[in-house]
Every structure is written in structure tokens, then in C-alpha cells.
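To start, the structure under review is shown below, and the notes come after it.
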Amino acid sequence: MSDSTDFSPLSASWLYWAGLAGLTNPQVSDARSDGEVRFTSEDFSFHLRHSGGWWTIDTVDDRGQLHTDTAKFTTFELAEKYLIWQWSSTARNVLRRPRLGPKLYSLGHNSNIQFIPIKEGIYELRTPDGRAVLMEPVATIFSHLIFKSADEIDQMVKEGIA
């Protein structure tokens, strides 16, 4: 982890999308020196941690169940793009806006990315800029977002939202 990792844009994104999704009491923990930050609500939470060279996401669902290692990334930038996508997809669904994932999924795997099967339904996506370990169908969808900047993804997902 870089000492200069700036979580503030991602924190602002969480508060924005959580608010639009109607999540109860969304908050962001202070980033710890070991590279962990928590994006919480009473409904669903994301824990982003850095260890062993990977940015790993754990989630806690509405029943309080912890799901560890739901996604892994070799760079913070990839984790940031993934989280923006996940949060915005939830909010777009709540707002009854067109879902963007099915269109990207219908394109199949992005041929500019290596898809390495880890185990059934889980792939490592490899690019010159980094790697991601994701479950399907998210792996296929994310393969079309991986080369976009966080700002480009943010613009795309905010389309049609007042």
C-alpha cells in the first residue's frame, strides 16, 4: 500500500451511492495505517483491506453475515473502479434506472484481457496494469470496465440520474 492512498474520492462515492440506494446510516471508517477502510451501513457493508500485495474486499450482508475475499485486486485503482460499479449498480436498481451490467455481460469476455480460471465460476483477470479475482458474472462485466478510469465509470453510471 502506498502511504499516499487517498480514500476520500471513494468515500464520497460510497456516501453518494448509499444515499441514492436508501441505505440506512451510511458511514466511512477512518482509514487505518495498515490499509483498511470500511464503508458501512445498517443494510450492507464493504471492507477494503490491503495485505499480501492485494486489495481485498469483504462484505457483510443485511443479516450480518461476513463474506470474505469476495473480490481481490493488485491495485487500489482497480478496487476503486469495482466498488464504484457495485455501489452504483445497486442504486440504479433501487432508482429503477436501466441496468448497465446485462449489456456488458452480453458482450462476453473482453478479448484484451486474460481470463484464467481459478475454480469453477471464479476467474483471475490479467492486464498489463494489474489483476483482479472475481466471480462470474461480475468478472465478465468488469472486463469491459477495467481499462476505463474511475471518472469514466462514474460518468457512465450517473447517466440518467438527476
Side-chain angles (χ1 to χ4, degrees), residues 1-14 16-18 21 28 31-32 34-40 44-61 65-93 97-161:
M1 180 186 92
S2 167
D3 288 337
S4 63
T5 301
D6 182 6
F7 294 103
S8 57
L10 189 57
S11 298
S13 183
W14 164 250
Y16 175 80
W17 291 112
V28 179
R32 296 181 359 186
D34 63 358
E36 182 174 327
V37 63
R38 294 174 183 242
F39 305 94
T40 63
F44 205 86
S45 299
F46 293 81
H47 303 170
L48 177 61
R49 57 188 164 82
H50 188 255
S51 65
W54 289 87
W55 288 93
T56 303
I57 297 170
D58 304 324
T59 59
V60 178
D61 66 21
Q65 282 191 300
L66 174 65
H67 303 275
T68 59
D69 302 340
T70 59
K72 292 173 59 171
F73 307 90
T74 55
T75 68
F76 173 75
E77 291 75 19
L78 290 175
E80 179 179 37
K81 292 187 264 189
Y82 170 83
L83 287 169
I84 291 168
W85 175 260
Q86 291 297 108
W87 299 338
S88 64
S89 294
T90 298
R92 289 181 67 86
N93 189 40
R97 296 290 174 236
R99 295 174 50 217
L100 304 175
K103 179 181 177 189
L104 295 175
Y105 182 77
S106 73
L107 299 172
H109 293 174
N110 182 335
S111 62
N112 296 315
I113 295 176
Q114 279 186 288
F115 271 75
I116 310 298
I118 302 294
K119 58 183 174 182
E120 188 171 340
I122 300 176
Y123 291 88
E124 181 174 318
L125 283 59
R126 293 183 182 173
T127 74
D129 298 328
R131 299 178 313 191
V133 176
L134 299 166
M135 292 184 288
E136 278 295 1
V138 177
T140 297
I141 294 167
F142 194 69
S143 75
H144 298 284
L145 301 170
I146 206 165
F147 292 120
K148 294 184 182 300
S149 70
D151 287 340
E152 288 173 307
I153 294 170
D154 195 56
Q155 275 185 319
M156 180 175 78
V157 297
K158 285 182 177 173
E159 207 169 287
I161 295 179

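Residue Arg131 holds its CZ atom at 11.0 Å from OG1 of Thr75, rounded to the nearest 0.5 Å. With rounding to the nearest 0.5 Å, the separation of OG in Ser13 from CH2 in Trp85 is 13.0 Å. Rounded to the nearest 0.5 Å, atoms CD1 (Ile118) and CD (Glu124) are 5.0 Å apart. Ile141 contributes atom CD1, which lies 13.0 Å from atom NZ of Lys103 (distance to the nearest 0.5 angstrom). Residue Asp154 holds its CG atom at 12.0 Å from CD of Glu159, rounded to the nearest 0.5 Å. Annotation: the span from Leu10 atom CG to Glu77 atom CD amounts to 11.0 Å, rounded to 0.5 Å.
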Which pairs would a plain distance check flag for residues 142-150, meaning a side-chain donor or acceptor within less than 3.5 Å of a matching protein atom at least two apart in sequence or in another chain?
unit_1, atom_1, unit_2, atom_2, d
Ser143, OG, Asn110, N, 3.2
Ser143, OG, Thr140, O, 2.6
His144, NE2, Gly108, O, 2.6
Ser149, OG, Asp151, N, 3.4
Ser149, OG, Glu152, N, 3.0
Ser149, OG, Glu152, OE1, 3.4

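In this structure the side chain of Trp14 never reaches within 4.5 angstrom of the side chain of Leu83, judged on heavy atoms. Using a 4.5 Å heavy-atom cutoff, the side chains of Asn93 and Arg99 are in contact. Looking at Thr90 and Trp17, their side chains never come closer than 4.5 Å, going by heavy atoms from C-beta outward. Tyr123 has its side chain out of reach of Gln114: every pair of non-hydrogen atoms, C-beta onward, lies at least 4.5 Å apart.
Ring pair His50/Phe76: centre-to-centre distance not below 6.0 Å. Aromatic rings of Trp87 and Phe46 (six-membered ring for Trp) have centroids within the 6.0 Å cut-off, being under it.
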(request) Kindly indicate, with the supporting measurements, whether the criterion side-chain contact (heavy atoms from CB on, under 4.5 Å) is fulfilled by Ile84 and Tyr16. (result) CA-CA 10 Å; Ile84 291 168; Tyr16 175 80; over 6 Å; no
(request) Please test Arg97 against Ile161 for side-chain contact (heavy atoms from CB on, under 4.5 Å), starting from the C-alpha separation and ending with a verdict. (result) CA-CA 8 Å; Arg97 296 290 174 236; Ile161 295 179; 4.1 Å; yes
(request) Go through Leu78 and Lys81 one step at a time and tell me if the side-chain contact (heavy atoms from CB on, under 4.5 Å) criterion holds. (result) CA-CA 5 Å; Leu78 290 175; Lys81 292 187 264 189; 4.0 Å; yes
(message) His47 vs Thr59, test: side-chain contact (heavy atoms from CB on, under 4.5 Å). Steps then yes/no.
(response) CA-CA 6 Å; His47 303 170; Thr59 59; over 6 Å; no
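In this view, Pro9 and Asp6, Glu80 satisfy the side chain to side chain contact (heavy atoms under 4.5 Å, CB included) rule, not counting sequence neighbours. Residues satisfying the side-chain hydrogen bond (donor to acceptor under 3.5 Å, both in side chains) criterion with Asp69, sequence neighbours excluded, are Arg49.
Ring geometry for Phe73 versus Tyr82: interplanar angle of 30 to 60°, hence tilted.
In plain terms, the two heavy atoms of Leu48 and Ala79 that are nearest each other are CD1-CB, 4.0 Å. Taking both residues in full, the closest heavy atoms of Ser88 and Val157 are given as OG-CG1, 3.3 Å, listed atom of the first, atom of the second, then distance. Residues Ala139 and Phe115 come closest through the heavy atom pair O-CZ, 3.8 Å.
Inspection of the His109 and Glu136 side chains reveals an N or O donor paired with an N or O acceptor under 3.5 Å. Neither side chain, Asp58 nor His67, offers a donor N or O lying under 3.5 Å from an acceptor on the other.
Remark: the backbone N or O of Ser45 is not paired with any side-chain donor or acceptor of Arg38 at under 3.5 angstrom. Here the side chain of Arg92 pairs a donor or acceptor atom with the backbone of Pro98 at under 3.5 angstrom. Using modelled atom types, no side-chain atom of Ser11 and backbone atom of Val28 make a donor-acceptor pair closer than 3.5 Å.
Other residues, nucleotides and ligands place more than 12 heavy atoms under 6.0 Å from the CE atom of Met156.
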